[in-house]
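A quick write-up on the structure given underneath.
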Amino acid sequence: MKFLDELNEAQLQAVLSHDGPNMVIAGAGSGKTKVLTYRIAYLLGEKGVDAFNILALTFTNKAAKEMKERIGHIVGNSEAQNLWMGTFHSVFAKILRIEAEKIGFPRNFTIYDTDDSKNLIKSIVKEMNLDEKVYKPGQVYGRISSAKNNLISPQAYLQNAQAIMDDRMSGKPRVGEIYALYQKRLYKASAMDFDDLLFNTNILLRDHPDVLHKYQHKFKYILVDEYQDTNFSQYLIVKKLAAAFENICVVGDDAQSIYAFRGANIQNILNFKKDYPDTKMFKLEQNYRSTGNIVKAANSVIWKNKDQIKKEVWTQNEEGEKITVLRAGSDNEEGNQVASFIFDVKMNNQVQNKDIAILYRTNAQSRAMEEALRRRNIPYKIFGGLSFYQRKEVKDLLAYFRTVINPNDEESLKRIVNYPARGIGDTTLSKIIMASNESDKSIWYILENIKVLPLGLNQPTRERLDQFVQMIKSFASGLEKENVYDLALRIAQTTGILKELYSDKTPEGVSRYDNLQELLNGVKEFSEENKDDTERTLADFMQEIALLTDNDKDDEDNFDKVSMMTVHASKGLEFPYVFIVGLEENLFPSQLSIESREELEEERRLFYVALTRAKKRATLSYATTRFKWGNIQHSEPSRFIEEIDTSFLDYSFTLGGIKPKQTAFEDEFSSYFNKPKTSQSLNESFQFKQKPNLTKVSQTSASLGSVGQGDDPTLFKEGMAVSHDRFGEGKIIEIQGDLPNVKAVIEFKAHGVKQLLLKFAKLKILN
DNA sequence: TGCCCGGGTGTTTTT
DNA sequence: CACCCGGGCA
């Protein structure tokens, strides 16, 4: 095969070793995707393996799509089309639909997204009369998710000593019960959450040897990309499927494992050899992406980690420029420095915007960067954030689609039963929900029988509910015979959603309407993509969309913009010029991670990932003060900067930096002088919020004529009598926390005990 | 039913 | 600080 000469020796060996267990440790930028692609092409083209017998699992839909395209180029699209290639979730969702009945689910089960799951948990917490402040849906969901990723069922969870203790320690002893009820509700709704797609696949393969046998023999060759990011549930699926032939090839880089916090287990890659003693291991160590300086700097950092597979990434590329370090007095100034640096880089090196990326640890950091780029008229695009499919109006219409496909889907049903408003209020709904939970029948079942069930609802209400049921049924009758776009449009029109948004002429309303049009266009495209003769249904559309994220959509209008994203989101990407910002202790590495070695090592890997995105030049920046929770906080440079061997660093730019003592006012002032003086930017500079001044005043001197707000937080002591605008008079029982987030526990005469943040509470001292 | 206000809370992430 | 949520009120 002629394409094989495009590979280096290590890559070639990894491609040619087609049978048996193989592990490819692929350093950053070492041509990992190339090896996977050619390996599959080799199996297809040279070894005569049938595409239907190959299973390739990737981390994102995007990766799967790109790889399929590349393989298509080599062996032809029709052949590539037959590969089973996709994310764990999408591949096993497909299999679960085929085998659904075996584990007691209908084929049309709904996939709940994270929002659905959290809403469901929220209603369960309410039902159990638990405190929502204690049992926060997000946290409970996290617990349940990690249980599922470790294949711990609700029953097992309730008896799991570790889980019981953890929950007790965190003050949430009833998580196990919530989990059990949550699972019951999912079942009643014929729904699975993301983790269930993997959990239930495990159940399916465990309890049905015939099914296991079938897929073991179907997938004679299994390839797993980003193996370092698999969790236990995924690991076990792969292990079971591969057990018959052991033609399994995993590709990954332990140094780039950055998802442990959501259940990924780096041990999966470290222990692969134990599972398959015959493993042939290949190391791809030549980096084709970055300059010598960047590669060596990255090495010098990652070698500080204890947990790793020994390897040395090297490159033949030129040494390139050293890594620049920028130091700023504040987060805003950091933005300005980075923006002006970008400006210079563009001027001096003929660089396009799309060649540049700004990477940060947390999303919140994007704002200072945005403002600075905007002021210099540098176009940018932020990755991440609210996804198209999570927008309210989109979710609303999708909820109709979901209800039509699976009327048992309670989260969707609850969402739309009274939207657009049709006189079915909360009271009515809660009666129905209660009846549903008591009888263990779905809400839909109750609604279908609403006319004969004695729920204490009046005649007109029952009438309206019945009309709703009839409407959904009329849509459902079109599922099999109506063209998917026609049906979708009919739903959007008949329900009145389109009309409702069309009449809203505010900018937001217009944009919502546009979003619905975009969704409908998506359905139209989907129906026209129809390659085989079989008509694609609305259920097919939802199946495709449920596991899609914005990153998977092709971006049309991002052809020349600076990319801004979290380091996590940058994995697998590369840019000639990379700026890693906010390199400060307690930010990167994150405050949450500096206590244990394992977590700190993950932060270090994260930094390694960030650094190795850069092809030509990397710039690191930090600020000595930063706004956090509305306060200025002092910060120290990140240990990761110091961990880079100094011979690869260029500190000269930090010397001209503005002194850390500078006040925020001067900061804004200087930034004003640094930027092009167009009238527009002049206006913008006046729109700045004057954040720090107020805070400072209240922290240092006692209320200098503060606008009748309340007394200075430092003056409050335990035992004092105070008064509050709303709660009236009370007595301070306890003072907690540090300035400026001091909390007071106050017993009010009329309202009982409350905890108030002094900086907000506007408390007055009596006498 | 929807708006306003006070209060609470947060700042990895992806399927 | 900025955003979200729930409660109170019109």
Side-chain angles (χ1 to χ4, degrees), chain A residues 57-64 86-93 111-114 117 122 126 132-133 136-139 142 145 148-149 192-198 226 229-231 233-234 258-264 331 359-368 383-387 389-390 418-421 423 425-426 545-552 565-572 582 586-593 599 602-603 605-606 609-610 626-633 689-692 694-695 724-727 740-741 743 754-762:
Chain A
L57 298 166
T58 61
F59 195 63
T60 62
N61 293 302
K62 199 178 177 182
T87 61
F88 275 89
H89 291 85
S90 69
V91 166
F92 296 113
I111 299 171
Y112 272 10
D113 68 17
T114 313
S117 299
K122 205 169 170 182
K126 250 187 211 157
E132 281 179 74
K133 307 274 153 59
K136 288 181 206 152
Q139 286 182 7
S145 175
K148 286 184 181 177
N149 287 333
M192 297 189 197
D193 67 14
F194 286 137
D195 302 312
D196 283 340
L197 296 175
L198 305 175
E226 308 279 16
D229 286 324
T230 50
N231 59 38
S233 181
Q234 293 167 321
I258 55 174
Y259 284 105
F261 71 91
R262 78 174 206 230
D331 42 5
L359 309 182
Y360 34 78
R361 179 67 239 267
T362 66
N363 284 306
Q365 289 167 255
S366 70
R367 226 179 29 141
F383 290 75
L386 192 64
S387 142
Y389 302 106
Q390 288 179 338
N418 196 33
Y419 177 80
D426 284 348
I545 234 176
L547 299 167
L548 225 55
T549 57
D550 266 12
N551 291 350
D552 305 322
M565 65 189 86
T566 62
V567 181
H568 281 96
S570 77
K571 196 168 88 159
N586 295 327
L587 181 60
F588 196 0
S590 154
Q591 197 171 3
L592 306 168
S593 307
E599 286 177 302
E602 175 145 321
E603 295 283 316
R605 292 192 295 270
L606 196 53
V609 167
R626 181 172 294 278
F627 254 88
K628 209 177 182 184
W629 286 292
N631 304 292
I632 295 181
Q633 299 220 325
K689 290 143 203 157
Q690 29 157 233
K691 38 209 146 174
L694 287 175
T695 331
H724 182 269
D725 286 353
R726 252 183 69 206
F727 302 131
N741 295 316
K743 256 188 205 166
K754 306 263 173 207
Q755 287 193 33
L756 303 175
L757 265 179
L758 289 180
K759 66 176 171 185
F760 292 126
K762 293 173 192 155

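Below, read A as the first sequence line, B as the second, and so on, with proteins coming before strands; counting in each chain starts at 1.
At dG7(B), none of the side-chain N or O atoms of K133(A) fall inside 4.0 Å of OP1 or OP2 (strictly under the cut-off). OP1 or OP2 of dT14(B) has not a single side-chain nitrogen or oxygen of N61(A) nearer than 4.0 Å. Phosphate proximity of dT14(B) to N231(A): absent, as no side-chain N or O sits under 4.0 Å from OP1 or OP2.
Here the CG-OG1 distance, from N61(A) to T87(A), works out to 5.0 Å after rounding to the nearest 0.5 Å. With rounding to the nearest 0.5 Å, the separation of OG in S145(A) from CZ in F194(A) is 10.5 Å. For the atom pair CZ of F59(A) and CZ of F88(A), the computed distance is 10.0 Å after rounding to the nearest 0.5 Å.
Y389(A) has its OH atom 12 Å from the P atom of dT15(B), to the nearest Å. Atoms CZ (F194(A)) and C1' (dT13(B)) sit 13 Å apart, rounded to a whole Å. Protein atom CG of N149(A) is 13 Å distant from nucleotide atom C1' of dT13(B), rounded to whole Å. Here dC1(C) presents its C1' atom at 13 Å from NZ of K628(A), a figure rounded to the nearest Å. Atom-to-atom, CD1 of I258(A) to P of dT13(B) comes out at 10 Å; the value is rounded to the nearest Å. Between the P atom of dT14(B) and the NE2 atom of H89(A) lies a distance of 13 Å, rounded to the nearest Å. With rounding to whole Å, F88(A) atom CZ is found 14 Å from dT15(B) atom P. Look at CD on Q365(A): it is 18 Å from P on dG10(B), rounded to the nearest Å.
Remark: K571(A) fails to qualify as a cation-pi partner of Y259(A) under the 6.0 Å distance and 45° angle criteria applied to the six-membered ring.
On the C1' atoms, dC3(C) is 23 Å away from dT14(B), given to the nearest whole Å.
Exactly one residue among N586(A), L587(A), N631(A) makes a side chain to side chain contact (heavy atoms under 4.5 Å, CB included) with R626(A). That residue is L587(A).
Among all heavy-atom pairs drawn from F627(A) and D331(A), the shortest one is N-OD2, 3.0 Å. Taking all atoms of both residues into account, the shortest heavy-atom contact from N418(A) to G423(A) is OD1-N, 3.3 Å. Heavy-atom minimum distance, K148(A) versus S233(A): O-CB, 4.2 Å.
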*Using Watson-Crick and G-U wobble pairs whose two distances are both under 3.5 Å, how do you write the pairing of DNA chain B as dot-bracket, with | for links to another strand?*
||||||||||.....
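Counting any heavy atom pair closer than 4.0 Å across all strands shown, T87(A) reaches sugar-phosphate atoms only and no base atom. No engagement by S593(A) is indicated, since no non-hydrogen atom pair under 4.0 Å with the nucleic acid exists. The residue N418(A) sits close only to the backbone: its heavy atoms come under 4.0 Å of sugar-phosphate atoms, none of a base.
Positionally, the nearest nucleotide of DNA chain B for D426(A) lies more toward the 5' end than for the other of T362(A) and D426(A). Place G425(A) and S590(A) on DNA chain B by their nearest nucleotides, and G425(A) ends up nearer the 5' end.
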*asked:* For a side chain to side chain contact (heavy atoms under 4.5 Å, CB included) check, start with the C-alpha distance between Q234(A) and L57(A), then their side-chain angles and the critical distance, and finish with the verdict.
replied: CA-CA 10 Å; Q234(A) 293 167 321; L57(A) 298 166; over 6 Å; no
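The A421(A) side chain lies nearest to dT1(B) when the options are dT13(B), dT15(B), dT1(B). Closest to the side chain of K136(A), out of dT13(B), dG10(B), dT15(B), is dG10(B).
For dT14(B), the base has no donor-acceptor partner in the side chain of T60(A) [N/O atoms by modelled type, under 3.5 angstrom].
When atom types are taken as modelled, the side chain of E132(A) and the backbone of K126(A) share no donor-acceptor pair closer than 3.5 angstrom.
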Enumerate all atom pairs, one protein N or O and one N or O from nucleotides 3-6 of chain C, separated by less than 3.5 Å.
residue	atom	partner	partner atom	Å
dG6(C)	OP1	K122(A)	NZ	3.1

